[in-house]
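See below for the structure under consideration.
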Amino acid sequence: MNRVFDTKVQLLKYEVLKAVIKRAYADKLDTAMYEIPREIIPGPKAEMRCCIYKERAILEERVKMAMGGDASNPNVIETLPIACDECPIESYFVTPACRGCINHRCVEVCPAGAIRIENMHAVIDPEKCRDCGLCAKACPYHAIVDLTRPCVTSCKIGAISIGEDKKAVINNDKCVMCGACAYSCPFGAIADKSYVLELVDILKEAEKSGRKVYALIAPAIVSQFKYAKIEQIVEGIKMLGFHNVIETALGADITLHKEINELKEVDRLTTSCCPSFVMYIEKHFPKLAQYISHSPSPMVEAAMLIKRTSPDAKVVFIGPCSSKKHEYKLAKTKGAVDCVISFEELQAFLDARDIDVSALPEHPLNNASRFGRIFAKSGGICEGVQALTQNEDIGGKKICPLALNGLEQIKIAMLKMNAGRLPENFIEGMACEGGCLNGSLVLHHGDKNVKDVDRYGEEAKETDIGGSVALYKMSLEG
């Protein structure tokens with residue numbers, strides 16, 4: 001199974017999820033907290049921490065997250081305090097490479113007076129240091145290095161700080177739940193909540209009642225399960241107990257249609273597809289919230305279509321995104337989606353149910369156009385807008401799109417927009433660099449993912465969004 005994941009942290013998370021799912025089907029969850037850590041860490045020697053007892057204690061916290069996490073915490077991303085204790089606290093640190101030179105450039109450039117010379121070596125006072133980095137740039141020997149924690153570095157909006165107990169603290173008022181910190185932490189001390197138990201309940205109930213359960217798969221899935229074809233993955237999902245598998249790209253086609261029409265009525269528009277982008281605007285630039293598209297995200301749009309045609313059905317979204325686990329529970333989604341799981345959790349589900357997708361027949365998939373499928377990459381939405389409007393005037397104005405790739409670009413653009421200095425009027429925002437195909441909960445990240453999504457788009461039989469829009473309008477008519 002190492003061939004599937006980027007990191008050992010993901011593999012450990014997978015082992016816990018798989019064990020929880022197996023116990024859920026066997027009705028043995030009451031012993032999960034005690035037994036699962038001992039199954040995964042049998043001992044007697046520790047492999048990752050100081051002793052097997054700490055390793056097991058951390059796994060107990062992972063089991064809790066696999067079973068839904070802290071219900072009192074509205075954030076889907078949580079810190080596991082017991083696992084968060086290995087990182088150095090200093091930001092900038094003087095290494096033994098310091099030569100004790102006579103010039104002392106590091107001392108001279110420090111605006112806070114945080115550097116002194118002791119025994120002919122530079123020493124940084126962490127209480128005074130402002131983390132400006134001027135000393136590191138000034139040192140001719142590169143003896144000063146940045147040891148900022150990976151979680152802090154990965155969070156581009158400053159939502160993570162270090163508490164008095166030296167543990168990472170997430171500020172929920174700032175956090176947009178993109179999950180970058182969870183993926184970046186080399187100790188797995190930050191994790192996303194899992195709702196696999198909710199899915200087990202949905203599938204169990206459906207088996208008894210005959211209720212239809214639909215799986216909505218994000219287009220980024222084509223870049224993930226490298227050991228099998230997407231058509232085999234679809235067949236595997238159906239074997240889990242789903243009635244059918246629908247492309248979320250169908251909803252993307254509809255969202256694209258609605259946002260183009262919405263732009264006719266407003267001066268400018270920011271897309272609604274990425275929930276972390278939407279949250280970022282709402283939390284950090286509330287004055288700009290008026291420009292957020294009122295069109296539902298592709299996930300919600302596709303789910304609403306399914307429920308208009310099959311009101312008693314359940315809909316489960318399967319994707320790469322941690323913030324989708326928050327979005328589906330928001331009041332504005334009107335209960336269209338009943339559960340969200342990640343690609344990581346799908347892998348655990350398939351293996352917990354002993355389904356080898358690489359040995360399965362292929363189930364065809366053809367629900368959407370090329371435009372909907374390329375929503376998975378940064379710039380995909382703008383590409384669709386440009387192609388469908390052919391740069392013509394809409395509502396008396398020229399569409400000028402802008403694709404923002406990652407939170408750093410988003411921050412710069414929103415500052416300009418807030419100041420009235422952003423010339424573009426259609427703004428696509430993707431919190432994850434590269435887009436959904438590099439979401440925090442994918443199996444692996446890589447440059448090839450973009451090529452996979454482009455190829456998947458070109459394979460679509462629908463050359464435009466007309467078929468999806470017609471289906472959407474028919475569903476409204478009942």
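By convention here, the first residue in the shown sequence is residue 1. The analysis underlying the following values was restricted to heavy atoms, covering all of them including side chains, and did not include hydrogens, waters or symmetry mates.
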Next on the checklist: Assess the residue pair Arg105 and Cys139 against the criterion (side chain to side chain contact (heavy atoms under 4.5 Å, CB included)); give the C-alpha distance rounded to whole Å, side-chain angles, the decisive distance to 0.1 Å, and a yes or no.
Outcome noted: CA-CA 7 Å; Arg105 292 178 183 173; Cys139 179; over 6 Å; no
Next on the checklist: side chain to side chain contact (heavy atoms under 4.5 Å, CB included) for Lys324 and Val76? Distances and angles first, verdict last.
Outcome noted: CA-CA 9 Å; Lys324 287 291 185 186; Val76 299; over 6 Å; no
Next on the checklist: side chain to side chain contact (heavy atoms under 4.5 Å, CB included), that's the test. Do Val63 and Val20 meet it? Break it down for me.
Outcome noted: CA-CA 7 Å; Val63 173; Val20 167; 4.3 Å; yes
Checklist entry - Does the side chain to side chain contact (heavy atoms under 4.5 Å, CB included) test come out yes or no for Val453 and Asn449, once each step is laid out? => result CA-CA 6 Å; Val453 168; Asn449 292 355; 5.7 Å; no
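Not a single donor-acceptor pair under 3.5 Å links the side chain of His121 to the backbone N or O of Pro96. Listed for the Asn75 side chain is no donor-acceptor partner under 3.5 Å among the backbone atoms of Asn172. Asn405 places a side-chain N or O within donor-acceptor distance of the main-chain N or O of Gly434, the cut-off being under 3.5 Å. Between the side chain of Glu301 and the backbone N or O of Ile254, no donor-acceptor pair lies under 3.5 Å. Counting only distance, with no hydrogens or angles, the side chain of Arg62 and the backbone of Gly188 share a donor-acceptor pair below 3.5 Å. A donor-acceptor distance shorter than 3.5 angstrom exists from the side chain of Lys156 to the backbone of Thr153, with no hydrogens or angles considered. No donor-acceptor distance shorter than 3.5 angstrom exists from the side chain of Lys325 to the backbone of Met177, with no hydrogens or angles considered. Remark: the backbone N or O of Ile217 is paired with a side-chain donor or acceptor of Thr248 at under 3.5 angstrom. Remark: the backbone N or O of Ile58 is not paired with any side-chain donor or acceptor of Glu61 at under 3.5 angstrom. Remark: side-chain polar atoms of Arg373 are not paired, donor with acceptor, to backbone N or O of Ala249 under 3.5 angstrom.
Here the straight-line distance linking atom SG of Cys151 with atom CD1 of Ile190 works out to 4.5 Å at 0.5 Å rounding. Taking OG from Ser440 and CD1 from Ile77, the interatomic distance works out to 6.0 Å, rounded to the nearest 0.5 Å. Separation of atoms CG (Leu346) and CG (Leu441) is listed at 12.5 Å; rounding is to 0.5 Å. Rounding to the nearest 0.5 Å gives a distance of 13.0 Å between CZ of Arg268 and CZ of Phe426. Atom CG of Leu197 and atom CD1 of Ile21 lie 8.0 Å apart (nearest 0.5 Å). Of the inter-residue distances, the one linking Met65 atom CE with Ser194 atom OG reads 9.0 Å to the nearest 0.5 angstrom.
Residues Ser154 and Cys181 form a side-chain contact, since some pair of their non-hydrogen atoms from C-beta on lies under 4.5 Å apart. In this structure the side chain of Ile412 never reaches within 4.5 angstrom of the side chain of Glu408, judged on heavy atoms. Val316 places a side-chain heavy atom less than 4.5 Å from the side chain of Leu199. When side chains are defined from C-beta on, Leu422 counts as touching Leu402, because their heavy atoms get closer than 4.5 Å. By the 4.5 Å heavy-atom criterion applied to side chains, Glu282 and Phe277 are not counted as neighbours. Using a 4.5 Å heavy-atom cutoff, the side chains of Ser272 and Pro296 are not in contact. Residues Leu404 and Ile427 are in side-chain contact: their nearest non-hydrogen atoms beyond the backbone lie under 4.5 Å apart.
For Thr95, the side-chain contact (heavy atoms from CB on, under 4.5 Å) test picks out Phe93, Ala97, Ala143, Val145, with sequence neighbours left out. Taking the ring-ring contact (aromatic ring centres under 6.0 Å, His included) definition, one finds that Phe349 meets it with nothing, sequence neighbours left out. Under the rule for a side-chain hydrogen bond (donor to acceptor under 3.5 Å, both in side chains), the partners of Lys193 that lie at least two apart in sequence or sit in another chain are Glu78. Taking the side-chain contact (heavy atoms from CB on, under 4.5 Å) definition, one finds that Glu55 meets it with Ile41, Ala46, Glu47, Met48, Arg49, Ile52, sequence neighbours left out. Judged as a side-chain contact (heavy atoms from CB on, under 4.5 Å), and not counting sequence neighbours, the contacts of Ile355 are Met239, Leu240, Leu350, Arg353, Val357, Leu360. Qualifying ring-ring contact (aromatic ring centres under 6.0 Å, His included) partners for His326, counting only residues two or more places apart in sequence or in other chains: none. Partners of Ala431 according to the side-chain contact (heavy atoms from CB on, under 4.5 Å) rule, which considers only residues two or more places apart in sequence or in another chain, are Cys178, Cys274, Ser276, Leu407. With sequence neighbours left out, Lys226 forms a salt bridge (Lys or Arg N to Asp or Glu O under 4.0 Å) with Asp452.
For Arg116 and Glu118, the salt-bridge test passes: some basic side-chain N is under 4.0 Å from an acidic carboxylate O. Ionic pairing of Lys283 and Asp173 is not present here: no N-O contact between side-chain nitrogen and carboxylate oxygen is shorter than 4.0 angstrom. Using a cutoff of 4.0 Å between basic side-chain nitrogens and carboxylate oxygens, Asp351 and Lys22 are not scored as salt-bridged. Between Lys314 and Glu198, none of the side-chain N atoms (NZ, or NE/NH1/NH2) sits under 4.0 Å from a carboxylate O, so this pair counts as no salt bridge.
Applying the ring-ring contact (aromatic ring centres under 6.0 Å, His included) definition to pairs two or more places apart or across chains, those involving residues 279-298 are Tyr280-His284, Tyr280-Phe285. Applying the side chain to side chain donor-acceptor pair (under 3.5 Å) definition to pairs two or more places apart or across chains, none involves residues 411-434.
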Please tabulate, for the side chains in residues 374-385, all donor-acceptor contacts under 3.5 angstrom to protein atoms that are two or more places apart in sequence or on a different chain.
| from | atom 1 | to | atom 2 | distance (Å) |
| --- | --- | --- | --- | --- |
| Lys377 | NZ | Asp454 | OD1 | 2.7 |
| Glu383 | OE2 | Arg370 | NH1 | 3.3 |
| Glu383 | OE2 | Arg370 | NH2 | 2.6 |

Could you tabulate the donor-acceptor pairs under 3.5 Å formed by side-chain atoms of residues 31-39, not counting sequence neighbours?
| from | atom 1 | to | atom 2 | distance (Å) |
| --- | --- | --- | --- | --- |
| Thr31 | OG1 | Lys28 | O | 3.2 |
| Thr31 | OG1 | Glu35 | OE1 | 3.2 |
| Glu35 | OE1 | Arg23 | NH2 | 2.9 |
| Arg38 | NH1 | Tyr34 | O | 2.8 |
| Glu39 | OE2 | Arg23 | NH2 | 2.5 |

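Donor-acceptor pairing under 3.5 Å is recorded for the side chains of Glu327 and Ser297. Tyr183 and Asp6 form a side-chain donor-acceptor contact under 3.5 Å, judged by distance and modelled atom types alone. When only modelled atom types and interatomic distance are considered, Ser91 and Asp131 share a side-chain donor-acceptor pair under 3.5 Å. The closest side-chain donor-acceptor pair between Glu259 and Ser293 falls under 3.5 angstrom.
Taking the six-membered ring for Trp and the full ring otherwise, the centers of Phe242 and Tyr214 sit at least 6.0 Å from each other.
The aromatic rings of Phe225 and Phe343 sit perpendicular, their planes meeting at an angle over 60°, well past the 30° parallel limit.
Across His444, Gln347, Glu344, a single residue satisfies side-chain hydrogen bond (donor to acceptor under 3.5 Å, both in side chains) together with Gln10, and that is Glu344.
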